[in-house]
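Step one of this worksheet: look at the structure below.
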Amino acid sequence: MEEKILSKVESLEEQMIQGILELVKIDSVEREAECGAPFGAGVREALLKALELGERLGFRSVNLDNHIGYVEYGQGEDYVCAMGHVDVVPVGDGWRHPPFSGYMEDGVIYSRGVLDNKGPILTCLYGLYALKELGFEPKHRIRIIFGCDEESGFEDLAYYLEREKPPVYGFTPDCKFPVVYAERGRALIRVKGQELEPFFAFVTEYFIGAKNTGDRLGIDFCHEEYGVMEMRGYKLGVEDGTPYFEAALSYPAGRGVGELLERIREKAGELEVVLVKNYDPVVFDKESPMVQALTQCYEKVTGVEGKPVTTTGGTYAKAMPGIVPFGPSFPGQKGIGHNPNEWMAVDDLMKNAKIYALGLYRLGNL
């Protein structure tokens, strides 16, 4: 059956690439909410297009009030899923071609969102289509979920989980290969101070003028599998006339956010340190049936060893129970998703589709 799946995916290349081009040409940067468009009109348009593509392929679709949607295949009490998103980060400067043009050159598509995350989630959709066309009858229903607020706060997922139960198995194609069995914790902290001089002195000494490991704050925790703690996403702002500084802390498992805050507050003195948001580390057993099944799919398609890895990034796996990050970037592919001239090669999209088709097949049978 697996060889038939791979062959079927091959036959869908032209159709799949056309679907991806349709989706990436939609400007789906999150904007102000409108009636019926909680994350802006562009994000709604992208969600409707993704669901339309699924319907064209013969899947039943569900739209949860334009917060999030999914297409579904099969029968059963529970389900497995691939969960990605159609919202994208702002385009920024430095593009050689219009960022929503779907420009293709030498077998590569350039567009905001082609990697993060429209292309990969559509490769899951067409991978599932291959299974449907081959008459596969899974033990669990299979969903392809199209999120709308991954880049800005996971409000879409919160809306989903208020109305739907979580999957029994699943993955998000929004990180890297091989299987990511563990994500670091992610905490957003805010430092505030009425007195400008001590506020800016603290920010300069402990953040701007220091290593991003938090060594001067005493939070440079290290783990042999996760690596060292990292600070990123620095932001200065003013709220109600009071300046503030924000930083995102990517911290390894084994350390709680409470310990991070305690150490920062010791150094901050009279300044106020607030925890804005926190997602605890997510860890899966590397030997679990789900992780092993996905690893085998990666190895079969690529022909290379797929030892499970960890990540410093953050994905839907932080908040959706039961799913792991899995692709779409291959080893050595870094710094593409949020940068100008975001790209993805057609050959890589096809590899994704094959890996994900096999992954959904294996998970659907677990």
Side-chain angles (χ1 to χ4, degrees), residues 19-20 22-24 26-57 59-74 78-89 112-113 115-128 140-175 183 186 277 279 282 314-326 328 337 356 360 363:
I20 290 171
E22 287 186 46
L23 190 57
V24 299
I26 298 172
D27 178 351
S28 55
V29 176
E30 183 173 339
R31 293 185 172 87
E32 210 170 304
E34 301 179 12
C35 181
F39 308 113
V43 178
R44 176 181 60 192
E45 183 183 355
L47 174 62
L48 294 177
K49 173 59 70 174
L51 295 175
E52 177 196 325
L53 290 170
E55 290 164 1
R56 282 189 218 167
L57 300 176
F59 296 113
R60 55 185 179 269
S61 70
V62 175
N63 183 344
L64 297 178
D65 305 316
N66 294 319
H67 283 76
I68 194 169
Y70 61 86
V71 299
E72 188 173 67
Y73 174 68
D78 52 30
Y79 70 95
V80 301
C81 75
M83 181 177 188
H85 62 94
V86 297
D87 61 312
V88 299
V89 296
R112 174 59 85 224
L115 174 71
D116 187 17
N117 187 235
K118 295 174 180 178
I121 192 57
L122 286 191
T123 66
C124 296
L125 174 65
Y126 284 89
L128 181 59
H140 315 278
R141 286 174 290 145
I142 303 176
R143 287 182 183 176
I144 309 298
I145 305 175
F146 302 103
C148 294
D149 186 42
E150 195 276 343
E151 300 290 3
S152 303
F154 292 6
E155 288 182 25
D156 55 343
L157 180 51
Y159 197 86
Y160 179 90
L161 290 174
E162 287 172 359
R163 292 157 178 80
E164 303 277 350
K165 63 183 181 182
V168 288
Y169 307 110
F171 59 86
T172 177
D174 194 20
C175 192
E183 281 193 2
R186 179 70 66 87
K277 186 181 297 185
Y279 294 103
V282 177
T315 71
Y316 277 130
K318 282 277 192 293
M320 173 66 104
I323 70 172
V324 291
F326 186 43
Y356 294 145
L360 293 171
L363 296 186

Is there a side-chain contact between Phe171 and Leu363 (heavy atoms, below 4.5 Å)? yes
Could you check whether Glu183 and Thr315, counting side-chain N and O atoms only, form a donor-acceptor pair closer than 3.5 Å? yes
Heavy-atom closest pair (Glu150 atom, Gly314 atom, distance to 0.1 Å) is OE2-O, 3.8 Å
All heavy atoms of Pro167 vs all of Met320, minimum pair found to be CD-SD, 3.5 Å
Side chain proximity check, Val168 to His140, heavy atoms < 4.5 angstrom: yes
Spacing of CG belonging to Asn117 relative to OH belonging to Tyr316, to within rounding of 0.5 Å: 8.0 Å
Would you check, one step at a time, whether the test salt bridge (Lys or Arg N to Asp or Glu O under 4.0 Å) holds for Lys49 with Glu45? CA-CA 6 Å; Lys49 173 59 70 174; Glu45 183 183 355; over 6 Å; no
Sequence neighbours left out, what passes salt bridge (Lys or Arg N to Asp or Glu O under 4.0 Å) with Glu164? Give chain and number order. Arg143
For the student: nearest non-hydrogen atoms of Ser61 and Glu55, plus distance: OG-OE2, 2.5 Å
Judged by atom type as modelled, is there a donor-acceptor pair below 3.5 Å linking the side chain of Tyr79 to the main-chain atoms of Lys165? yes
Listed by chain and number, what are the side chain to side chain contact (heavy atoms under 4.5 Å, CB included) partners of Glu151, not counting sequence neighbours? His85, Asp87, Val89, Asp116, His338
Does the separation of the ring centres of Tyr126 and Tyr356 fall below 6.0 angstrom? no
Can you confirm whether Pro173 sits close enough to Ile121 that some side-chain heavy atom of one is under 4.5 Å from a side-chain heavy atom of the other? yes
Identify, with sequence neighbours excluded, every residue that meets ring pair (Phe, Tyr, Trp, His ring centres under 6.0 Å) alongside Tyr279. Phe154
Checking Thr172 side chain against Met83 main chain: does a donor-acceptor pair fall under 3.5 Å? yes
Just verifying a value: how many Å separate Ile144 CD1 and Leu53 CG, rounded to the nearest 0.5 Å? 12.5 Å
Ignoring hydrogens and angles, tell me if any N or O in the side chain of Asp156 forms a donor-acceptor pair with the backbone of Ile68 under 3.5 Å. no
Over all atoms of both residues, closest heavy-atom pair of Pro328 and Leu115: CG-CD1, 3.6 Å
Test item: Pro321 and Leu161 side chains (from C-beta on) under 4.5 Å apart, heavy atoms: yes
Side-chain donor-acceptor pairs under 3.5 Å in residues 31-42, sequence neighbours left out?
unit_1, atom_1, unit_2, atom_2, d
Arg31, NH1, Asp27, OD1, 3.2
Arg31, NH1, Val29, O, 3.3
Arg31, NH2, Asp27, OD2, 3.2

Excluding sequence neighbours, so at least two apart, what forms side chain to side chain contact (heavy atoms under 4.5 Å, CB included) with Asn63? Leu47, Leu48, Leu51, Asn66
OG1-CG distance between Thr123 and Leu128, expressed to the nearest 0.5 angstrom: 11.5 Å
Does Tyr70 have any ring pair (Phe, Tyr, Trp, His ring centres under 6.0 Å) partners at least two apart in sequence or in another chain, and if so, which? none
Could you please spell out the steps behind the side-chain contact (heavy atoms from CB on, under 4.5 Å) verdict for Glu72 and Ile142? CA-CA 6 Å; Glu72 188 173 67; Ile142 303 176; over 6 Å; no
Run the side-chain contact (heavy atoms from CB on, under 4.5 Å) test on Cys81 and Ile323 for me, step by step, so that the C-alpha distance in whole Å, both residues' side-chain angles and the decisive distance to 0.1 Å come before the verdict. CA-CA 8 Å; Cys81 75; Ile323 70 172; 4.0 Å; yes
Tyr159 ring centre to Arg163 NZ or CZ under 6.0 Å, with the angle to the axis within 45°? yes
Value for NE2 (His67) from CD (Glu162), rounded to nearest 0.5 Å, stands at 9.0 Å
State, to 0.1 Å, how close Val86 and Lys118 come at their nearest heavy-atom pair, and which atoms those are. O-CE, 3.2 Å
Using side-chain heavy atoms (C-beta onward) and a distance below 4.5 Å, is Val71 in contact with Phe146? yes
